[in-house]
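Heads up: numbering here begins at 1 and tracks the sequence.
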Amino acid sequence: MSLQIIVLAAGQGKRMHSSLPKVLHPIAGKPLLGHVLDTARALSPEKLVVVFGHGGDQVKAAFADQVDLVWAHQAEQLGTGHAVRQAMPHVQGGVTLILYGDVPLTRKETLEHLLAATQHCAAVGLLTDYLPEPAGYGRIVRDSDHRVIRIVEHKDASEAERAISEINTGMMAVPTARLEAWLNELRNDNAQGEYYLTDIIALAVRDGLAVNAVQPADHWEAEGVNNKLQLAQLERIYQQNQATALMTAGVTLADPARIDIRGTLAHGQDVSIDVNCVFEGHVELGNNVRIGANCVLKNVKLADNVVLHPFCHLEDAQVGAASLIGPYARLRPGAALAENVHVGNFVEIKKAEVGVGSKVNHLTYIGDARIGKGVNVGAGTITCNYDGVNKSLTVIEDDAFIGSNTCLVAPVTVGAGATTGAGSVITKPAPAGELTLSRAKQVTLAGWVRPQKKSK
């Protein structure tokens, strides 16, 4: 059975009070629509059509690299039935699954059950749910044999119909040929003056097709986002699900309510993560890794036995086994640390290699550098890598000792086993095994008087 998927993403989202189209607001760092599309692709559709409208240029630009998408424009907002009609020229045959770009957390398994409910194009599959407070939702009307016969929107429902707790989620799977025919029969003589997609349910019953309702395992699978409160609520649900999966797989979380994963997090055994940590992009944690509180990691790989002390920020960086980082350390893109490296508080490393057993422990900037093994970099050291136009390389060879407050003006090399005196500005190669220093002569001016403020 061929599968076509239509995702409705044309709504303005006035209640978001934002210039950003609603479907581009993020959960876990990814647009709402991005979550829906990822789940849709997991079903391997032949066609994946997105109906766009408000903020269409922004929406298309956000997914410009996703070449499998077909875009259908809904110029006027005339209802869900009208929106689906705009996509119909792009779909053909089999079953069409209709999803919503602002309903981000539906499971693949739930949609598979919905597709199975079509019985190979012999029926309509409808995703419904039972809510204790169904106000605002369309209600599922059943006959005396408990068969679905129609959907009534809340604004059009009678008091008896509003008492029904089974609601329409909007998601449905419909034989494509039947869908096209029914869409052409829709009328807009209702309270909102719109063409309701839900009206095709009554048309299906009229034409003798069963409407098979299935329900999600959890209510949040069918919850949409209409305002920032709902966005935050679904964010917490998403993060709680991520935390549950991590703990089930053996990760120790100090507080599962205080972790944010905005990408993927791979991990080994005996990993522990303290509170308020954020993981973005793709992060890999080896065995026995310990992450302190309030750390942010983006596209980072930490090898076995790494300890990341609190308040560290790592991006596009790699850290070798048994290294100690922080607190308050920053590893910027291109930082590559070997095994047993120590990086301490208020140290920033950018586009630099640090060799086995080297230490950069205090108040230091290392940028565009290659540091060998066994090097000790003193507090306050700076690699002066930028002349205002070009960036140049600093090389510190094995077992060198860099005195505190040394400025290494690149391009420059400090030889193996060399030492630089504290407070030096090194502009020329420092020979291997030698002490190199550059200091102005210390002078005391006898009788000097500190300037005083003039009285008014």
Legend entry - Crowding at CG, D65 (>12 non-hydrogen neighbours, <6.0 Å): yes
Legend entry - Any side-chain heavy-atom pair of V300 and L331 under 4.5 Å: no
Inset, instruction - Quick one: list whatever passes salt bridge (charged side-chain N to carboxylate O under 4.0 Å, His left out) with D218, sequence neighbours left out. - result: R107
Considering only distance and modelled atom types, tabulate donor-acceptor pairs under 3.5 Å from the side chains of residues 84-98, sequence neighbours left out.
unit_1: R85; atom_1: NH2; unit_2: L183; atom_2: O; d: 2.6
unit_1: Q86; atom_1: NE2; unit_2: H82; atom_2: O; d: 2.7
unit_1: Q86; atom_1: NE2; unit_2: H82; atom_2: NE2; d: 3.1
unit_1: T96; atom_1: OG1; unit_2: T176; atom_2: OG1; d: 2.7

Inset, instruction - Assess whether atom NE2 of H120 is packed by more than 12 heavy atoms of other residues, nucleotides or ligands within 6.0 Å. - result: no
Inset, instruction - Check whether any side-chain heavy atom of D38 sits under 4.5 Å from a side-chain heavy atom of K30, and report yes or no. - result: yes
Inset, instruction - Side-chain contact test, heavy atoms from C-beta onward, threshold under 4.5 Å: evaluate it for T383 versus Y365 and give yes or no. - result: yes
Legend entry - Any donor-acceptor pair under 3.5 Å from T80 side chain to Y196 backbone: no
Legend entry - OH/Y100: more than 12 non-hydrogen atoms of other groups inside 6.0 Å: yes
Legend entry - Residue Q269 excluded, over 12 heavy atoms near CD under 6.0 Å: no
Less than 3.5 Å apart, which donor and acceptor atoms pair up between the side chains of residues 332-354 and the rest of the protein, not counting sequence neighbours?
unit_1: R332; atom_1: NH1; unit_2: E348; atom_2: OE2; d: 2.7
unit_1: K350; atom_1: NZ; unit_2: D368; atom_2: OD2; d: 2.6

Only pairs under 3.5 Å count here: list side-chain donor-acceptor contacts from residues 427-435, not counting sequence neighbours, and write none if there are none.
none

Please tabulate, for side-chain N and O atoms in residues 12-21, each donor-acceptor pair with protein atoms closer than 3.5 Å (sequence neighbours left out).
unit_1: S18; atom_1: OG; unit_2: L20; atom_2: N; d: 3.0
unit_1: S18; atom_1: OG; unit_2: H25; atom_2: NE2; d: 3.4

Legend entry - Donor-acceptor under 3.5 Å (T128 side chain, E166 main chain): no
Inset, instruction - Could you name each residue pair satisfying side chain to side chain donor-acceptor pair (under 3.5 Å) that touches residues 293-309, not counting sequence neighbours? - result: N276-N294, N288-N305, N299-D316
Legend entry - Geometric class of the H73/F52 ring pair [parallel <30°, tilted 30-60°, perpendicular >60°]: parallel
Legend entry - Nearest heavy atoms of D102 and K22, plus distance in Å: OD2-NZ, 2.7 Å
Legend entry - Identified side chain to side chain donor-acceptor pair (under 3.5 Å) counterpart of T420 within the set N405, T406, T436: T406
Inset, instruction - State the CG-CD distance between L234 and Q240, to the nearest 0.5 angstrom. - result: 13.5 Å
